Number of protein chains: 2
Amino acid sequence: MNINDIAAIAGVSKATVSRVLADSPNVRDSTRERIQKIIRDNNFEPNFLARSLSRRKTFSVGVIVEEMANPFFGSILSMIENVLNDKHYTMSLSSSNWVKEKEFAAVRNMIRNSVDGMIVSPIALKSETISILGKSSIPVLLLNNYTDNPAFSCVTSDNLQGGSLAADHLLSLPSSERQQIIAVTGFKHQTLEERMDGFTRRIKPEVYEEINTYEDGLNLVPTLLTRNSINEIKTCLFITNDNVAMGVQEGLLRHQVNIPGDVRMIGYDNIDFSGRCRVPLTTIEQSPGEMGRIAAMEILDMIENPEKELRKFRLPTRLIIRESSPVMPGE
Amino acid sequence: MNINDIAAIAGVSKATVSRVLADSPNVRDSTRERIQKIIRDNNFEPNFLARSLSRRKTFSVGVIVEEMANPFFGSILSMIENVLNDKHYTMSLSSSNWVKEKEFAAVRNMIRNSVDGMIVSPIALKSETISILGKSSIPVLLLNNYTDNPAFSCVTSDNLQGGSLAADHLLSLPSSERQQIIAVTGFKHQTLEERMDGFTRRIKPEVYEEINTYEDGLNLVPTLLTRNSINEIKTCLFITNDNVAMGVQEGLLRHQVNIPGDVRMIGYDNIDFSGRCRVPLTTIEQSPGEMGRIAAMEILDMIENPEKELRKFRLPTRLIIRESSPVMPGE
DNA sequence: GAATCTTATGTAACCGGTACCATTAAGAAT
DNA sequence: ATTCTTAATGGTACCGGTTACATAAGATTC
């Protein structure tokens, strides 16, 4: 059942049926109603592929994130999908799993599939992926990364501010509470680097890098105990990711370290479980839902107004105080 | 840049270029190489829309789940996406957010978009969604739901067995440890009903229904304390969802209830955080990754072998014992 | 050397729509 | 009555590929 069949039944040309489908005003009312009835009776649905090919518009947006099982991205994706669906767009989703080649392949694939626009959370800003995206003629929005490159709109969380908030919180404590300050962060990623920059702008901590997972956090604890004697010196830990922070916490508790008595912890992300772990985490909250919402609205705006000026969004973060590092009156 | 341009440059017809693109053997080697070079030089990529329209095949699979921010679905989706991408298929994703109308709209939309097949985790088995899916001519696989309906392949976790495992665990305890047994479950969903069936087949508990979220679990605690005096009678709680179980746990701990001393808890799902909450949860493990992998492989198989017999998969579950209900020597 | 078979390539219809331009008929203006 | 508008519809090229069929050139057979 296609547009020709409908036209034949109605005794009109396919052009007229096409006009009815497009709600064109240039169709006599009686004709329109007759055709609409035929369309309904045969529950005919126009073929999107043919339509897309002809209109050069697919109403689909490609989305690429590093990992989808991660609840942070889950919240973002969920919101993106809601917004896109509201506007009758379709979401085509891929994940890079932190592998640059997969990311690059996903981008190429989406371009081949003629998506109308893309939302990408890139692994790195200096990469083949970014270069091919820059050359592409469709609108692209970078998620979770900021760049001056005028080819892209960006939506990020203000990680610099987040890092500073964490530092400010520690600085607000009596100095007896922070005889030693240690920061734990992961691999080279803009978000993490900015968090560290925001923090070190205020405080110079000892830094551990390449600690990426819950297990990494857990395994780091023996080192912290022997190298930093954190059970003897009042220590503050800034950990740039709540998941890792929970691993560290678990490790510390297993060694009978008192949190926050001996060691204070401050994490980053405020995922759902940050408030539900053994010692609820003081942390920096991001707004993944809001990021997703803005990203989706912005890419649709870019698609529908191609000449519009690109924008860079930086969403504010918020300090959430919980038991792992409560407030105290200053000195 | 399209196939005609390439043909013009090469001085051949578009049919020949098409043959080169399709790796047809009926092209002279010298011609093939010449055309391939031209394709590379102009980095021409065939238009997928046109190709799909003509071939009647899109290499895309529609996936619909109830919610994507949920880590359980996150793990499934991640695996589905990996498998599909490996086989050069694209994933088009929607979520129903537990709203039947959204689910129905998502299905219609995907059918309109000519996906080659669909993986759907339906809200209910008796619904417009299922009926439209049954009528559709493309292969459909139901996730997380079992039905005899021969129109669908199914991939579920063996929830009946899971419920029984939970009951068996409780029955293995000295009876002094289980003076009272209470089950807490959510809204009417096949997975949850089966878990309860599996459990009640062995033990008849008092049942609380419609407890769906962490907060619901938290709020249930006062009732449990007053109506069931669970701090006075040795109680076993079977909670059909770990997230809810964590809410209940939090509520109990706030009321100084000793877990597992006064109250034992057994959850369901074994999400990442089940082992990291205040009192790590004894729970029933499902294999979302495996479900995703099988679902994706199966739908691809169905797409590529349309005549193949449909299959119903039921994945085994496993009891994970943790502090919230440890083993004890039998009587 | 004619007949036959292969192999490589071209031609054109087709997938299912959209949209520009042409045509027609009816009503308005002259 | 004739010409001009205008509204409704039809005809058709096009989007960018695939593919069945036709054809020409070269290889094989007798």
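Computed from a predicted structure; not experimentally measured. We name chains A, B, ... by the order of the sequence lines, and we start the count at 1 in each one.
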Trainee: Which residues in residues 40-53 of chain B have at least one heavy atom lying under 4.0 Å from any atom of DNA chain C?
Mentor: L53(B)

Trainee: In Å and rounded to the nearest 0.5 Å, what is the CD1 to CD distance from I39(A) to E45(A)?
Mentor: 10.0 Å

Trainee: Which residue in the set L125(A), V155(A), N149(A), T156(A) passes side chain to side chain contact (heavy atoms under 4.5 Å, CB included) when paired with L142(A)?
Mentor: L125(A)

Trainee: If you look at every strand shown and take non-hydrogen atoms under 4.0 Å, does N26(B) touch a base, only sugar-phosphate, or nothing?
Mentor: base

Trainee: Quick one: does NZ or CZ of K57(B) land under 6.0 Å from the six-membered ring centre of F59(B), within 45 degrees of the ring axis?
Mentor: yes

Trainee: Given axes from five pairs at either end, by how many degrees does the helix from dG1(C)-dC30(D) to dT30(C)-dA1(D) bend, rounded to 10°?
Mentor: 50°

Trainee: Distance check, rounded to the nearest 0.5 Å: R34(B) atom CZ versus D29(B) atom CG?
Mentor: 12.5 Å

Trainee: Taking atom CD1 of I80(B) and atom CZ of F73(B), what is their separation to the nearest 0.5 Å?
Mentor: 10.0 Å

Trainee: How long is the line joining CG of D29(A) and C1' of dT9(D), in whole Å?
Mentor: 15 Å

Trainee: Could you tell me the boundaries of the chain A footprint on DNA chain C, defined by atoms under 4.0 Å from its heavy atoms?
Mentor: dG16(C) to dC20(C)

Trainee: Between atom CD1 in I6(B) and atom P in dG17(D), what is the gap in whole Å?
Mentor: 9 Å

Trainee: Do you know the tightest heavy-atom contact between L77(B) and V63(B)?
Mentor: CD2-CG1, 3.6 Å

Trainee: Any side-chain N or O of T31(A) less than 4.0 Å from the OP1 or OP2 oxygen of dT9(D)?
Mentor: yes

Trainee: Should V65(B) and I76(B) be marked as a side chain to side chain contact (heavy atoms under 4.5 Å, CB included) after you check the CA-CA gap, both sets of side-chain angles, and the distance that decides it?
Mentor: CA-CA 10 Å; V65(B) 295; I76(B) 295 181; 5.8 Å; no

Trainee: Any chance you could lay out the side chain to side chain contact (heavy atoms under 4.5 Å, CB included) test for K37(A) and D41(A), step after step, and finish with the verdict?
Mentor: CA-CA 6 Å; K37(A) 176 158 171 26; D41(A) 291 351; 2.8 Å; yes

Trainee: Take V61(A) and I303(A) through the test side chain to side chain contact (heavy atoms under 4.5 Å, CB included) and record every step on the way to the result.
Mentor: CA-CA 10 Å; V61(A) 171; I303(A) 289 169; 3.9 Å; yes

Trainee: In Å and rounded to the nearest 0.5 Å, what is the OG to CE distance from S75(A) to M79(A)?
Mentor: 9.0 Å

Trainee: With a 4.0 Å cut-off, would you call K308(A) and E298(A) a salt bridge?
Mentor: yes

Trainee: If you compare all heavy atoms of L84(A) against all heavy atoms of A296(A), which two are closest, and at what distance to 0.1 Å?
Mentor: CD2-CB, 4.4 Å

Trainee: Atom CG of N2(B) and atom P of dT18(D): how far apart are they, to the nearest Å?
Mentor: 12 Å

Trainee: Shorter than 3.5 Å, N or O on both sides, protein versus nucleotides 23-27 of chain D: list them out with atom names.
Mentor:
none

Trainee: With side-chain hydrogen bond (donor to acceptor under 3.5 Å, both in side chains) as the test, pick out the partner of W98(B) among E66(B), E67(B), E103(B), H189(B).
Mentor: E67(B)

Trainee: For DNA chain C, find the residues of residues 32-39 of chain B with a heavy-atom distance under 4.0 Å and give them by number; none if there aren't any.
Mentor: none

Trainee: Apply side chain to side chain contact (heavy atoms under 4.5 Å, CB included) to the pair N47(A) and N2(A), showing each step before the final yes or no.
Mentor: CA-CA 8 Å; N47(A) 180 310; N2(A) 63 30; over 6 Å; no

Trainee: For DNA chain C, find the residues of residues 10-24 of chain B with a heavy-atom distance under 4.0 Å and give them by number; none if there aren't any.
Mentor: G11(B), V12(B), S13(B), A15(B), T16(B), R19(B)

Trainee: Atom CZ of R55(A) to atom P of dA13(D): distance rounded to whole Å?
Mentor: 22 Å

Trainee: For the pair N42(A) and D5(A), evaluate side chain to side chain donor-acceptor pair (under 3.5 Å) and give the outcome as yes or no after the intermediate values.
Mentor: CA-CA 10 Å; N42(A) 298 68; D5(A) 300 325; over 6 Å; no

Trainee: Indicate whether any N or O donor in one side chain lies under 3.5 Å from an N or O acceptor in the other, for N144(A) and Y146(A).
Mentor: no

Trainee: Does K87(A) pair with E304(A) as a salt bridge, N-O distance under 4.0 Å?
Mentor: no

Trainee: Please find the pair of heavy atoms, one from S78(B) and one from N97(A), that lie closest to each other, and give the distance.
Mentor: OG-OD1, 4.5 Å

